[in-house]
Amino acid sequence: GKFTWVEKDTCIACGACGATAPDIYDYDDEGLAEVIYKADGNTGNTEIPEDMFDDLQDAADGCPTDSIKIADVPFNY
Ligand code: F3S
């Protein structure tokens with residue numbers, strides 16, 4: 001599995017990730033992205049299933065500030 005987490009300190013609220021992968025990313029009140037998959041709460045601890053890997057990678061590739069992080073282990077934020 002894969003895990004993902006948004007580094008809000010560098011997110012500029014461009015809105016690309018939620019458009020690309022709406023089941024994984026949504027935005028907080030300030031427009032900053034966060035991981036919402038299965039109520040992850042942007043902890044980066046929820047395992048993303050293999051059938052969503054394409055969306056995951058497309059979102060990470062499309063982020064202009066490289067704020068979308070992907071790892072093989074939980075982030076624990
Ligand atoms: Fe922010 Fe990057 Fe998404 S700038 S809104 S994390 S595409």
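What's counted below: heavy atoms across the whole structure, side chains too, no hydrogens, waters or symmetry copies. All ligand and atom numbering here is 1-based and tracks the order in the structure.
- The shortest heavy-atom contact between Ile24 and Thr4 is CG2-CG2, 3.9 Å.
- Under the 3.5 Å distance criterion, the side-chain polar atoms of Tyr27 are matched with a main-chain donor or acceptor of Gly15.
- The neighbour count for Tyr77 OH, taken as heavy atoms of other residues, nucleotides or ligands under 6.0 Å away, does not exceed 12.
- Around atom 2 (Fe) of ligand 1, the protein N, O or S atoms closer than 2.8 Å are Cys63 SG, listed by chain and residue number.
- Residue nearest to atom 5 (S) of ligand 1, selected from Gly15, Ala21, Gly31, Ala19: Gly15 (by heavy-atom distance).
- Those atoms of ligand 1 that come under 4.0 Å of a heavy atom in Tyr27, given as number and element, are 5 (S).
- Between Cys11 and Ala33, the shortest heavy-atom contact is SG-N, 3.5 Å.
- Under the 4.5 Å side-chain heavy-atom criterion for ILVMFWY residues, a single connected hydrophobic cluster contains both Phe53 and Val6.
- In terms of modelled atom types and a separation under 3.5 Å, the side chain of Asn42 and the main chain of Val35 share a donor-acceptor contact.
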Checklist entry - Could you go step by step and tell me if Thr65 and Thr10 meet the side chain to side chain donor-acceptor pair (under 3.5 Å) rule? => result CA-CA 7 Å; Thr65 59; Thr10 56; 4.6 Å; no
